[in-house]
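Heavy-atom basis, side chains included; hydrogens, waters and symmetry copies ignored.
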Amino acid sequence: MELLATTGDAFVRVGARTQLQGSGAHCLALDGDTVYVGCRGAGLKRSADGGESFEDVPLPESDVFSVAVSAADGAVYAGTEPSRLFCSRDGGESWDELVALQDIPSRPEWSFPPRPWTSHVRWIAPSPHDPELVLVGIELGGLMRTEDGGGSFSDHRPGAARDVHCLAWHPSAPGRAYETGGDGAAWSRDGGRIWERADAGRDRRYAWALAVDVADPERWFVSAAPGPFQAHGSRPSDSAIYRWEGAGPWQMIAGPLDSHVYALATGQGRLFAGLGDGALLESQDGGESWTELGERIGGITALAVK
């Protein structure tokens, strides 16, 4: 098992080496030994050797905020600021823009508060069970859905958080999807058509990172802070990690923490948390106990288990 991360400035193979220093590396996605890294200001990078070396991938936008690989058919998706969505079906060699995203009725209202003149595709979640089904989160604009591979999109889904931060599907429970946002958390049992709010028991409303228990679709994890100023400011964030089981409610399993939890990931029965101060936490018992990994790697923006 290997833990991979981006820090907002570089790509890190934890315990091994750091690459892409100064690139604005912000997000990542894996497809076997192929690693895609989205950078703010430097476009999309691709590694065919697990992160040993990288090459540029041509995209018409340089600010890449999200990248994903479909487990259903291998399609690669990249989302940018301004809000545009691109898809490649040949491993990143060529790209098509899914222009139907621009036809969504709410499109003129999308606005990211720190830069209100623009917005970005914050998260892309291709269904692992249906190659035509993709969820797209706009910060700040809502949760959009396509069931025809991007030929058309439905507008913000009922019940979902509108300030989307993270989206996920359960790998073995078709139709089960999860969301965190600045206005709470939600989940869906019908492939992302209708969403049910999941906020009970969590006093910190500003939800950010998300991970699911691959063995149990009723069990998932989120991080949350009281609000955006606490999460992203210079003072202690008062962030926490929560666990949801069955019908809920949320249970705090770590925190309060001085630094915000920007990333959660699961793999081989372990739960990992990446913090804004570079700390990496690991739990081998579903969050009942935690240990800090020895290496601090800079402010973590994304994690993946390889």
Side-chain angles (χ1 to χ4, degrees), residues 1-4 27-36 66-77 87 89 123-137 143-150 157 159-161 164-181 185-198 207-223 241-251 253 263-274 282-288 302-306:
M1 188 200 73
E2 187 174 25
L3 195 60
L4 309 180
C27 56
L28 74 161
L30 309 181
D31 183 16
D33 285 333
T34 301
V35 182
Y36 297 91
S66 52
V67 61
V69 179
S70 171
D73 66 354
V76 185
Y77 296 88
C87 178
R89 302 191 180 277
W123 206 274
I124 310 164
S127 167
H129 311 287
D130 180 351
E132 300 295 302
L133 178 55
V134 183
L135 303 177
V136 178
L143 197 165
M144 318 306 169
R145 180 180 183 273
T146 178
E147 55 185 26
D148 58 9
R157 304 311 306 149
V164 183
H165 289 154
C166 188
L167 297 165
W169 294 93
H170 197 273
S172 62
R176 191 64 62 89
Y178 313 81
E179 178 200 18
T180 54
W187 62 342
S188 172
R189 302 170 188 268
D190 65 355
R193 293 181 181 88
I194 303 296
W195 293 75
E196 177 183 349
R197 297 308 294 258
W208 191 271
L210 164 63
V212 301
D213 186 329
V214 298
D216 183 358
E218 303 288 329
R219 194 175 196 232
W220 50 303
F221 309 89
V222 304
S223 69
I241 303 172
Y242 295 85
R243 180 180 62 218
W244 180 283
E245 297 182 277
W250 291 106
Q251 305 168 46
I253 56 174
L264 294 169
T266 55
Q268 297 188 12
R270 306 178 193 178
L271 173 63
F272 297 93
E282 177 187 2
S283 175
Q284 299 189 31
D285 52 15
E288 293 297 324
L303 282 178
V305 180
K306 182 174 182 291

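- Judged by distance alone, with hydrogens and angles left aside, the side-chain atoms of His129 form no donor-acceptor pair with the main-chain N or O of Gly175 at under 3.5 Å.
- Counting only distance, with no hydrogens or angles, the side chain of Arg219 and the backbone of Glu245 share no donor-acceptor pair below 3.5 Å.
- At distances below 3.5 Å, not a single donor-acceptor pair connects side-chain atoms of Arg176 with backbone N or O atoms of His170.
- Residue pairs meeting the salt bridge (Lys or Arg N to Asp or Glu O under 4.0 Å) criterion with at least one member in residues 127-137: none, sequence neighbours excluded.
- Under the 4.5 Å side-chain criterion, counting only non-hydrogen atoms from C-beta, Trp250 is in contact with Trp220.
- In this structure, the side chain of Ser223 engages the main chain of Ala209 through a donor-acceptor pair within 3.5 Å.
- When atom types are taken as modelled, the side chain of Thr180 and the backbone of His165 share no donor-acceptor pair closer than 3.5 angstrom.
- The shortest distance between side-chain heavy atoms of Val222 and Trp244 does not fall below 4.5 Å.
- Here the closest non-hydrogen pair linking Leu167 and Gly137 is CD1-N, 3.7 Å.
- Closest approach of Val305 to Ala265, counting heavy atoms only: CG2-CB, 4.1 Å.
- Judged by distance alone, the side chain of Glu179 and the main-chain N or O of Ala161 form a donor-acceptor pair under 3.5 Å.
- No side-chain heavy atom of Arg189 sits less than 4.5 Å from a side-chain heavy atom of Ile194.
- Using a 4.0 Å cut-off between a side-chain N of Lys or Arg and a carboxylate O of Asp or Glu, Asp213 and Arg243 do not qualify as a salt bridge.
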